[in-house]
Undergrad: 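Quick one: the structure is below, and I'll ask about it shortly.
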There are 2 protein chains.
Amino acid sequence: MIETKQKILDTAEQLFGEQGYGATSLRQIIAAAGVNLAAIHYHFGSKEELLDQIILRKAEPVNRERLEMLERFEAEAGGGPVAVEKILEAFLTPAIARVAVNPGFSKLSGRLLGEGLMPAIVEKHFRHVAIRFTGALARALPELSPVELEWRGFFVIGTMAHTMCSKPQTNASLEGMEAWKVLRRLVAFLSGGLRAPATETSGTEVNR
Amino acid sequence: MIETKQKILDTAEQLFGEQGYGATSLRQIIAAAGVNLAAIHYHFGSKEELLDQIILRKAEPVNRERLEMLERFEAEAGGGPVAVEKILEAFLTPAIARVAVNPGFSKLSGRLLGEGLMPAIVEKHFRHVAIRFTGALARALPELSPVELEWRGFFVIGTMAHTMCSKPQTNASLEGMEAWKVLRRLVAFLSGGLRAPATETSGTEVNR
DNA sequence: GTCTATACTGAGATAGAC
DNA sequence: GTCTATCTCAGTATAGAC
């Protein structure tokens with residue numbers, strides 16, 4: 001039955017989100033899903049492939065929304081550059097919105113960049129989006145060199161990942177309305193960072 | 001022998017750094033160190049406790065340097081607030097410097113915030129430093145509310161962690177002289193973010 | 001094509017002899 | 001303090017039932 005595959009996907013997604021990828025065993029998943037152990041390897045081949053399918057299922061709509069939002073802002077800008085804040089909003093909102101609704105989503109997606117592994121998975125599912133947004137940022141911040149821009153985009157990813165998979169000690173999670181405050185804080189912080197004066201004098205980059 | 005304990009510590013630190021914590025087995029460690037499997041459990045109790053000891057050994061001098069640098073800057077400021085850039089420099093330099101010398105250090109320390117994340121370990125070893133630096137930031141940025149400040153400090157940690165455990169695709173690592181360029185970029189980006197105008201306008205959380 | 005039962009290898013942990 | 005032997009549980013692989 002294809003129902004089996006869906007049940008594995010749903011259950012694994014939930015457990016990975018709650019406990020993390022490494023801490024969740026396949027036997028836990030099959031017990032909760034009520035399926036056989038070998039069914040996982042029949043449908044997915046390996047634990048890592050299972051994770052890959054889950055990521056894909058989650059990332060695809062997020063990335064689509066991101067691109068749609070960015071394109072809408074670009075249309076509104078009518079050929080001119082889109083403001084940094086808008087670009088960040090387009091990039092962050094679809095992800096944060098899901099975290100707000102489903103907390104399990106946060107750990108799962110946030111950990112992708114942290115759990116050490118699967119840089120290949122991240123690369124595969126998010127690379128084209130990153131390229132698209134870096135291009136928009138380059139137009140918004142023409143004074144930054146490509147190298148500088150790449151690093152700043154990298155910093156943005158790091159902040160987002162950390163925000164999605166952890167939280168400040170004292171404060172509540174990203175759930176519910178809190179998420180929108182966090183989004184505002186993120187956009188403010190990151191746009192401040194992106195707009196900071198470049199550190200390099202173009203060309204040599206050695207003197208400060 | 002005490003030598004056994006040291007040998008385990010050194011070997012495990014190297015292997016954790018090279019392959020990550022989860023991907024390194026105790027049997028790998030004992031083979032490389034030339035000791036018995038049970039010796040690890042005798043001296044450390046568990047794999048996680050072993051990691052904890054390694055972290056402690058590494059984190060202690062880093063944190064001491066951080067506090068020393070901060071205190072030096074505070075003395076130079078003569079009672080007044082220390083500039084945001086200086087605070088960031090004091091916080092980031094000791095860690096980045098070690099990454100520059102020992103790349104294995106990066107994966108190990110950077111992953112603490114991402115991998116299966118022993119929040120207890122991080123909490124234990126870095127909490128007092130975080131409090132100290134947050135205090136300095138509060139004096140440097142008096143216009144920010146405590147909540148806003150906490151979030152921004154959280155964003156700083158995220159950016160640093162991501163930078164220490166990953167790297168932009170095209171670019172080289174943090175090794176050697178590259179590290180100082182990265183440090184400059186980090187300070188520029190993060191100070192821009194920290195200095196951004198506060199986002200709080202509505203009264204829902206300002207009064208607390 | 002799907003799924004079940006079962007076996008295989010290697011992981012971390014532990015008890016007890018020395 | 002150290003080591004051997006052993007336990008449990010992980011991910012994986014395969015043979016065969018429907």
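Labels below follow one simple rule: chain letters A, B, ... track the order of the sequence lines, proteins then strands, and each chain is numbered from 1. Since the model is a prediction, treat every value here as computed from it, not as a measurement.
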Undergrad: Roughly, in whole Å, what's the span from NE2 in A:His43 to C1' in D:dG11?
TA: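 Going from NE2 in A:His43 over to C1' in D:dG11 covers 18 Å.
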Undergrad: How long is the gap from CZ on A:Arg57 to CG on A:Asp52, to the nearest 0.5 Å?
TA: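 A:Arg57 CZ to A:Asp52 CG: 12.5 Å, rounded to 0.5 Å.
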Undergrad: Sequence neighbours left out, what pairs pass side chain to side chain donor-acceptor pair (under 3.5 Å) with at least one residue falling in residues 37-47 of chain B?
TA: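 Every candidate side chain to side chain donor-acceptor pair (under 3.5 Å) pair involving residues 37-47 of chain B fails, so no pair, neighbours aside, qualifies.
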Undergrad: Give the rounded distance in Å between these two atoms: NZ of B:Lys7 and P of D:dG1.
TA: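 B:Lys7 atom NZ is separated from D:dG1 atom P by 15 Å.
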Undergrad: Starting at atom CG of A:Leu15, determine the distance to atom P of D:dG11, rounded to an integer number of angstrom.
TA: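 Interatomic distance, CG of A:Leu15 to P of D:dG11: 12 Å.
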Undergrad: Is the shortest side-chain N/O distance from A:Thr4 to OP1 or OP2 of C:dC3 below 4.0 Å?
TA: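 Affirmative; the distance criterion is met.
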Undergrad: Could you state the CZ-C1' distance from A:Phe44 to C:dC3, rounded to the nearest angstrom?
TA: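 Value for this atom pair: 14 Å.
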Undergrad: Return the orientation label for the B:Phe155 and A:Phe189 ring planes: parallel under 30°, perpendicular over 60°, tilted otherwise.
TA: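 Aromatic pair B:Phe155/A:Phe189 classed tilted.
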Undergrad: How many Å lie between CD1 on A:Ile40 and C1' on C:dA5, as a whole number?
TA: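 Answer to the nearest Å: 15 Å.
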Undergrad: Does a salt bridge link A:Lys86 with A:Glu74, judged by any charged N lying under 4.0 Å from a carboxylate O?
TA: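 Salt bridge absent between A:Lys86 and A:Glu74.
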Undergrad: To the nearest 0.5 angstrom, please state how far the CG atom of B:Leu92 sits from the CZ atom of B:Arg66.
TA: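 Separation between the atoms: 7.5 Å.
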Undergrad: Going by ring pair (Phe, Tyr, Trp, His ring centres under 6.0 Å), name the residues that satisfy it together with A:Phe44, two or more places apart in sequence or in a different chain.
TA: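 For A:Phe44, no residue satisfies ring pair (Phe, Tyr, Trp, His ring centres under 6.0 Å) once neighbours in sequence are set aside.
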Undergrad: Using a 4.0 Å cut-off on protein heavy atoms (strictly under), produce a 5'-to-3' string for nucleotides 11-18 of chain C with B for base contact, S for backbone-only sugar-phosphate contact, and - for none.
TA: BBBB----
Undergrad: Over its full length, what angle do the end axes of the helix from C:dG1-D:dC18 to C:dC18-D:dG1 make, each axis taken from five pairs and the result rounded to 10 degrees?
TA: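 For the helix from C:dG1-D:dC18 to C:dC18-D:dG1, the axes at either end differ by 10°.
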Undergrad: Could you tell me the separation between the CG atom of B:Asn36 and the C1' atom of D:dT6, rounded to a whole number of Å?
TA: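 So the two atoms are 13 Å apart, to the nearest Å.
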Undergrad: Suppose we screen for side-chain contact (heavy atoms from CB on, under 4.5 Å). Which residues come up paired with B:Arg195, at least two apart in sequence or across chains?
TA: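 B:Arg195: side-chain contact (heavy atoms from CB on, under 4.5 Å) contacts with B:Val84, B:Glu85, B:Leu141.
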Undergrad: OP1, OP2 of C:dT2 versus side-chain N and O of A:Tyr42: anything below 4.0 Å?
TA: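 Indeed, a polar side-chain atom of A:Tyr42 lies that close.
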Undergrad: Just jot down the side-chain hydrogen bond (donor to acceptor under 3.5 Å, both in side chains) partners of B:Thr134, sequence neighbours excluded, or say none.
TA: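 If we apply the side-chain hydrogen bond (donor to acceptor under 3.5 Å, both in side chains) test to B:Thr134, skipping adjacent residues, there are no hits.
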Undergrad: Answer yes or no: is there an ion pair linking A:Glu68 with A:Arg72, defined by an N-O contact shorter than 4.0 Å?
TA: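 The answer is no: the pair does not qualify as a salt bridge.
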